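Model, not experiment: these values are computed from the prediction. Note on naming: letters A, B, ... go to the chains in the order of the sequence lines (proteins, then strands), and numbering restarts at 1 for each one.
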Amino acid sequence: MERNKNLAKNYSPDELEQKWYQTWLDKGLFNAEIEHDKKAFSIVIPPPNVTGSLHVGHAFDHTFQDIMCRFKRMQGYSVLWLPGTDHAGIATQNVVEKELAKQGITRHDLGREKFVEKVWEWKNIYGNKIIEQMKRLGNSCDWRRERFTFDEGLSRAVRHDFVQLYKKGLIYKGRYIVNWCPRCQTAISDLEVEYKEADGKFYYVKYLFVDGEINGEWGLTVATTRPETILGDIAIAVHPRSEKYKHLIGKKVRVPLVNREIEIIEDNMVDPEFGTGCVKITPAHDPNDFLVGLNHNLEQIQVIDDKGIMNENAGKYQGMKIEEAREAVVKDIEQQGLLIKVEDIKHSVGHCQRCGTVVEPYLSDQWFVKTKPLADRGVQAVKDGRIKWIPEQWEKTYFNWMENIRDWCISRQLWWGHRIPAWTCADCGHVTVAETDPTECEHCHSKNIKQDEDVLDTWFSSALWPFSTMGWPDETPELKYFYPTSLMVTGFDIIFFWVARMIMMGLEFMDDVPFRDVYIHSLIRDEKGIKMSKSRGNVIDPLVMIDKYGADALRMGLAALATQGRDILLSANKIETYRLFMNKLWNAARFALMNLDDKKHFIDKNLLHIQDKWILTRCQEVIASTTNFINEYNIGEAARGLYDFVWGDVCDWYLEMSKPALKGDEGEERRKTAAGVLEEVFKTILPLLHPFIPFVTEELWAAFGYGEISIMQSPWPVENKFLRFDDEAGSMRILQDVIRAVRNLRAEARVAPSQLLNKVVIRVDTPKVANMLNFSVDQISRLCRIKGVDILPHAAPRPAASLSSVVGNIEISLPVGDILDVNAEIVRLSQEILKIEKNVAASKAKLDKPDFAARAPKEVVEKERARVSEGEAQIKRLNENLESLKN
RNA sequence: GGGCGGAUAGUUCAGCGGAAGAACACCUGCCUUACACGCAGGGGGUCACAGGUUCGAACCCUGUUUCGCCCACCA
């Protein structure tokens, strides 16, 4: 066995991370194989958009998944982590268009085919960049199976899916009001609209009655925020039971400016309390009005075109932008004396998620998915427990959306994406929808057919990701073995966009859920809690972090910060903490290696000292808790627990206490056994840490001489009850308390740390503890810098002129002669006495309450009693201390 | 208008029924042969407010205040 005893003094991640990743790849350790004697564990990665590079939110997401994958792999599962990227239709098209704009070119200059080629070029550059970033992070993905939502296989899946849904009547085409982005020149789905509060104006406009005065009124007043759409008004609606307007139903009014005569109709959609209680109906430019229009069979007059410009139906306003037209219309109405008043209001205005432009309700031919039947099954699957949400609270959000779901507009007037597989016949008008490109109309066999120009919403292909990536629609062995996937890890921002739709499509096409568990993590924000974005310049680039601190430090930091529920506020500072941890671990290992022989060490149980038994016990406890935490997806607790264990227990206590034995001060046999324990400790913590910090653990694993098999392939530690010594572990805690108390006494009494104290007297009342402390006298003197320690029975007299401190039933006394600043100590003691008196009084009051003794559990009452007696003893002792000092 | 989450040390956050924790920051000392990327010790909190349940509440319930997020057709 070769131990590497020449580790560098300081840990540096650079070369070792590169080296090990390449080794893992070369050995094919990430490859997922179908092994029927093993249980399968699978995750499909949420495919990042190929718009740019990964941000730290991805790093977090991926770290989580990688921890789960490495954990399960070590536990003996056959693990598939399937990587890939998303073509991200509108987003990618926009970034490429922006690039072109820098050269003064639009996509129209290039034409569809050339433009799509350009986007592919972009994809090849950035897609690869993203994959490289994932590798730097240490993602243990099976790269042989990398997929792209727009690759050949997935495109076939999309077509198959579309055709099946169409045949089932779940996809339809129709002329509806959709959200239209005048800048992107495409329809977008409801989810892609972001509403923001904005200042607006409420214009009260009078529509005159055609037949003159009615009940003393010459017209009725309608309130609108969008006066330019008056030009497309086709009716006025009032509530059917409105007292105020009932008598007007059926009467006619004249639309201002255009003088069209329109009817006053009744509709339940009108809220009689809002505005003036009546609504102008513009079916072509408002989604509500559109529905009212359908119910009443009204004409749809479009006055605004797809670029947000007034069209030929707008008369003299033709050619104006919406805002210009609004101003002009208001001015003209005012001139005609029909503008009653203008009010300032706040209302929410929809903006395009991708470019921020105000979206217009726009009437056009679009394709839709009828989502209701799909959503019903999706709801059921969660109610049945076939899918578990973690944290559970998201279930509610999911139900709420699914139960109120509206049809999904899936067509986009873009060039980058899956073209809709529908061909319209110029002769008979029939639409042929087919998986393979048809050559003729399936109805009249005319060759005069033309494919729909539109492409599909990018989420349409993402929805199939869990199975399309495994070869669907073919029945592949992968699907059989790895589907449903075990876990989906993603942020709450795409629950509707993606998670819900995967569930719907998975149930529809695979007749099974796409994943068993869905873990929704918090979003990473900057240190001020603001969402990171390029435009704000507050993004933390994972690559920069990795360059600076190493991938392991970044991963450990992200893992440790992971808590359910809250946003994660990240700063470089926080990652630095974990960079220090890497160095600590590194040096602890370096120390261990300096003390290990070049052969496996065995533990002689008869030679174990208290600290050895304690650390071995702690190892078993940490194995259990870490395993449980990861199983519950609580990687934050798992990471923090390991951090504390390694730094606090192993380094601060165990390594310090094992030094004499390792030096050989306690004899050769003791040395060997202490080395054995040390080896056992590292054999435990390195694998436990591996999912979190794969690189450094692999490097150290090799340095310890275990490199024949990768730490990735080493089994996940399991509790060994033969290495548990609960009794001694308890004693060790007492010993720690004693040592801390002595150190504390020294420091409080201003004894210089360099000063070697002559003697400390420890009085104990149980022989067992006395025995234990006697055994550890050398440790105590070494760790507290004292020449000698006397362990005496409690009955022995307290040394004269000494300060003392108490831990449980142990009293520790320090000769007063060594104290430097007597006055300071007197003040401190007086304050402490007051504090303890207060606590004792509180405990006594508690005990005096009759209910407490009667109802509280025995051990709680006992504890309270002990507090009182201990407190009283302490006060007595401190008073003695005071006296000692004053003399 | 509905729904969700947060309010704990100077800061960022754990804890979620039995006497308040960590990391940074701060103060006192230490280069003690793994680590100064470190060690030892310390100060610092009416756990937002008000009620209630309980022998006992940071934790459970009810309000209030406040910050943030999501959903919804406020014409």
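With respect to A/Lys835 and A/Glu832, no salt bridge is recorded, no charged nitrogen being found less than 4.0 Å from a carboxylate O. The existence of a salt bridge linking A/Glu872 and A/Lys844 is confirmed by a sub-4.0 Å separation between a basic side-chain nitrogen and an acidic carboxylate oxygen.
Residue-level contact check: A/Asp493 touches neither bases nor backbone, having no heavy atom under 4.0 Å from any strand. At a threshold of 4.0 angstrom between heavy atoms, the contacts of A/Glu656 include nucleobase atoms, whether or not backbone atoms are also involved. Using a 4.0 Å heavy-atom cutoff across all strands shown, A/Asp652 reaches sugar-phosphate atoms only and no base atom. No engagement by A/Lys838 is indicated, since no non-hydrogen atom pair under 4.0 Å with the nucleic acid exists. No engagement by A/Lys5 is indicated, since no non-hydrogen atom pair under 4.0 Å with the nucleic acid exists. Residue-level contact check: A/Trp647 touches the backbone only, with heavy atoms under 4.0 Å from sugar-phosphate atoms and none from bases.
Ranked by how close their nearest RNA chain B nucleotide is to the 5' end, A/Thr397 and A/Phe581 are led by A/Phe581. Sequence order on RNA chain B of the closest nucleotides to A/Gly277 and A/Glu864 puts A/Glu864 first from the 5' end.
As rounded to the nearest Å, B/C27 and B/U65 have C1' atoms that lie 36 Å from one another.
Atom NZ in A/Lys9 sits roughly 12 Å away from atom P in B/G38 (whole-Å rounding).
The closest donor-acceptor contact from the side chain of A/Arg746 to the backbone of A/Cys784 lies under 3.5 Å.
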